[in-house]
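Nothing here was measured: the structure is a model prediction, and the numbers come from that model. Convention: sequence-line order gives letters A, B, ...; per-chain numbering from 1.
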2 protein chains.
Amino acid sequence: MPYDPSAFPPFAVTVDLVVLTVRDHALSALVVRRGEPPYQGRWALPGGFVRADEGLAEAAARELAEETGLRAQQPSGPGAGLGAHLEQLATYGDPQRDPRMRVVSVAHLVLAPDLPAPRAGGDARSVRWAHVGELLGRTADSATSLAFDHARILADGVERARSKIEYSSLATAFCPPEFTVGELRRVYEAVWGVALDPRNFHRKVTGTPGFLVPTGGTTTRQGGRPAQLFRAGGATVLNPPMLRPEV
Amino acid sequence: MPYDPSAFPPFAVTVDLVVLTVRDHALSALVVRRGEPPYQGRWALPGGFVRADEGLAEAAARELAEETGLRAQQPSGPGAGLGAHLEQLATYGDPQRDPRMRVVSVAHLVLAPDLPAPRAGGDARSVRWAHVGELLGRTADSATSLAFDHARILADGVERARSKIEYSSLATAFCPPEFTVGELRRVYEAVWGVALDPRNFHRKVTGTPGFLVPTGGTTTRQGGRPAQLFRAGGATVLNPPMLRPEV
DNA sequence: TGAATAGTGTCTTTAAGACACTATGTG
DNA sequence: CACATAGTGTCTTAAAGACACTATTCA
């Protein structure tokens, strides 16, 4: 088959977003309610068409800003500052995944600190945080199960987040700029759904060079003895990794 | 923005393949010579358009068969048997990545045992194995540097393979159906570009339950004392992982 | 005072790193 | 024979698991 650019089947290309955060001790994802068919009234992942002149990560960052006001912090992006972690997740292109036409969706994963209530976009769709446990529960009732193949995409995003905080410092992306060791531990516990030993966890994270940098401040917002505040250090890779306990 | 399926910019969607194998102690990739502009005469990754009615993995498996005759062995595919490991790698969609039009390419990673000489496809393009070290070398001369953004895609695929053999049993995908511990060790050494202690390696792989299953046979094809033959066991995850030595 | 969280230290256990040594084939 | 590769064992070291114990706040 010669490479003939004039004879290709046209596809629609979209980005879908798995936006994760930790709210009240549970891993949660951002979902929007669909206002029109198909799957009208069902919850779905935020997303939209990639424009003709923008890159994939660019489209994902734009959609993220439209839905949440968050500024994406791409690994290599120049705009350093506050914002959420954004990375490509995977691409979904089953011919039947959208009943209307052939759509290939490039899913992206966003890890964000706990935010104020999500703001509805300009199109006034309703938006909310939902615990991933509910969204991925076995009961496939239409009140909670996601539209299209979004349950699969969400599951892949959750699994990516769970495995990536093992060997990277990405768990800090779920934390505010300054946080305590205990707050970071509660992130791991929420994402993995396990309880961790506070003492061994403290030894591990404070003993890993470049992971945490003390800011000098303390806080008592968790109650109990005042805890040191840290910010994320320069290290991105955790070696040896944080071990996820067996279930 | 309402979700209007009639107003989307059309994209071409392709699959590109990073096909890796270990040949004469070096990690090698399959490349094809381009017969037409742009980048005429340059080497590129194999790939092609996704058809209107096929899925992404399906398209990748079809292209792989066309280029090499290999049957893909997808993680969840029903067609168990001999074949190469196939998984999605990442998607590349920079607006400028193809000078002719807007192309989004879903790259796939294939890990294959050392094969007989690749067969040219029906279109008689020339095909060869090249050491990834040469393809990714710093010298950007057009004799070796790849067309389009394929050097970046190849680098991402190599990095995926290097990290994935740490915590999975995927290194066996580079081996024939029956292999020795020494042959498996040479796979790790070629992919990582390091030397491993044969004795500690032997202890590690034979001590990991489900990684290797002895077949009872022995071989002397590597010279020296006859070595036991193994095949890949059912385990897919290595816990604890195989540790990649620091450089 | 009691409850909660923060932080340090100690002992045990797992598994990797660095070897010595033996086994069994080929030229 | 020399030499190559295969395979086992031993000692040391790094780091996780399982705790005990102290520190500092608030109600």
Residue pairs involving residues 193-211 of chain B (criterion side chain to side chain donor-acceptor pair (under 3.5 Å); sequence neighbours excluded):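 Qualifying pairs: B/D197-B/R199, B/N200-B/R203.
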
For residues 173-183 of chain A, which residue pairs qualify under side chain to side chain donor-acceptor pair (under 3.5 Å), counting only residues two or more places apart or in two chains?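 For residues 173-183 of chain A, and leaving out neighbouring residues, the side chain to side chain donor-acceptor pair (under 3.5 Å) pairs sorted by first residue read A/E183-A/R221, A/E183-A/Q222.
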
Do any side-chain nitrogens or oxygens of [X] fall under 4.0 Å of OP1 or OP2 in [N]?
| X | N | result |
| --- | --- | --- |
| A/H202 | C/dA6 | no |
| A/R221 | C/dT5 | no |
| A/Q228 | C/dG7 | yes |

Separation of atom [atom1] in [X] from atom [atom2] in [N], rounded to whole Å:
| X | N | atom1 | atom2 | value |
| --- | --- | --- | --- | --- |
| B/L243 | D/dA15 | CG | C1' | 11 Å |
| A/R186 | C/dA4 | CZ | C1' | 11 Å |
| B/R185 | D/dT5 | CZ | P | 8 Å |
| A/L184 | C/dG7 | CG | C1' | 16 Å |
| B/D197 | D/dT12 | CG | P | 18 Å |
| B/N200 | D/dG9 | CG | C1' | 11 Å |
| B/E189 | D/dT5 | CD | C1' | 13 Å |
| A/E183 | C/dG7 | CD | C1' | 16 Å |

Please state whether the rings of A/F148 and A/H150 are parallel, tilted or perpendicular, taking 30° and 60° as the class boundaries.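 Answer is tilted, since the angle falls between 30° and 60°.
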
Determine the interplanar angle of the B/Y167 and A/Y167 rings, folded into 0 to 90°, and report it as parallel if under 30°, tilted if 30 to 60°, perpendicular if over 60°.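 Rings of B/Y167 and A/Y167: parallel, as their planes differ by under 30°.
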
In plain terms, say whether A/E159 and A/R244 are close enough for a salt bridge, that is, a side-chain N and a carboxylate O under 4.0 Å apart.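 Salt bridge: yes.
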
State plainly whether the residues B/D156 and B/R160 are in salt-bridge range, i.e. N to O under 4.0 Å.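 Judged by the 4.0 Å cut-off on N to carboxylate O distance, B/D156 and B/R160 do not form a salt bridge.
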
State whether the side chain of [X] and the backbone N or O of [Y] hold a donor-acceptor pair below 3.5 Å, judged by distance alone.
| X | Y | answer |
| --- | --- | --- |
| B/Y188 | B/M242 | no |
| B/T21 | B/D114 | yes |
| A/R42 | A/S145 | yes |

Give the residues of residues 203-214 of chain B touching DNA chain C, defined as any heavy atom closer than 4.0 Å, sorted by residue number.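 Heavy-atom contacts with DNA chain C come from B/R203, B/K204.
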
Residues from residues 233-240 of chain B sitting under 4.0 Å of DNA chain C, heavy atoms only?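 Per residue number, the list reads B/P240.
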
With a 6.0 Å cut-off on the ring centroids, do B/F230 and B/F179 count as close?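 No - the distance between ring centres of B/F230 and B/F179 does not fall below the 6.0 Å cut-off.
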
Any A/S169 side-chain heavy atom under 4.5 Å of A/L238 side chain: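 Side chain of A/S169 against side chain of A/L238, heavy atoms only: contact under 4.5 Å found.
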
Relative to the 5' end of DNA chain C, which residue comes earlier, A/P198 or B/M242, by the nucleotide with the nearest heavy atom?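 The residue closer to the strand's 5' end, by nearest nucleotide, is A/P198.
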
Name the pairs: protein N/O against N/O of nucleotides 24-27 of chain D, kept only if under 3.5 Å.
unit_1	atom_1	unit_2	atom_2	d
D/dT24	O2	A/R225	N	3.2

Residue pairs passing the salt bridge (charged side-chain N to carboxylate O under 4.0 Å, His left out) test where at least one lies in residues 211-220 of chain A, sequence neighbours excluded: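 Found none.
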
Nearest-neighbour nucleotide for the B/R199 side chain, C/dG17, C/dA20, D/dT5 considered: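 Nearest to the side-chain atoms of B/R199, counting from C-beta on, is C/dA20.
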
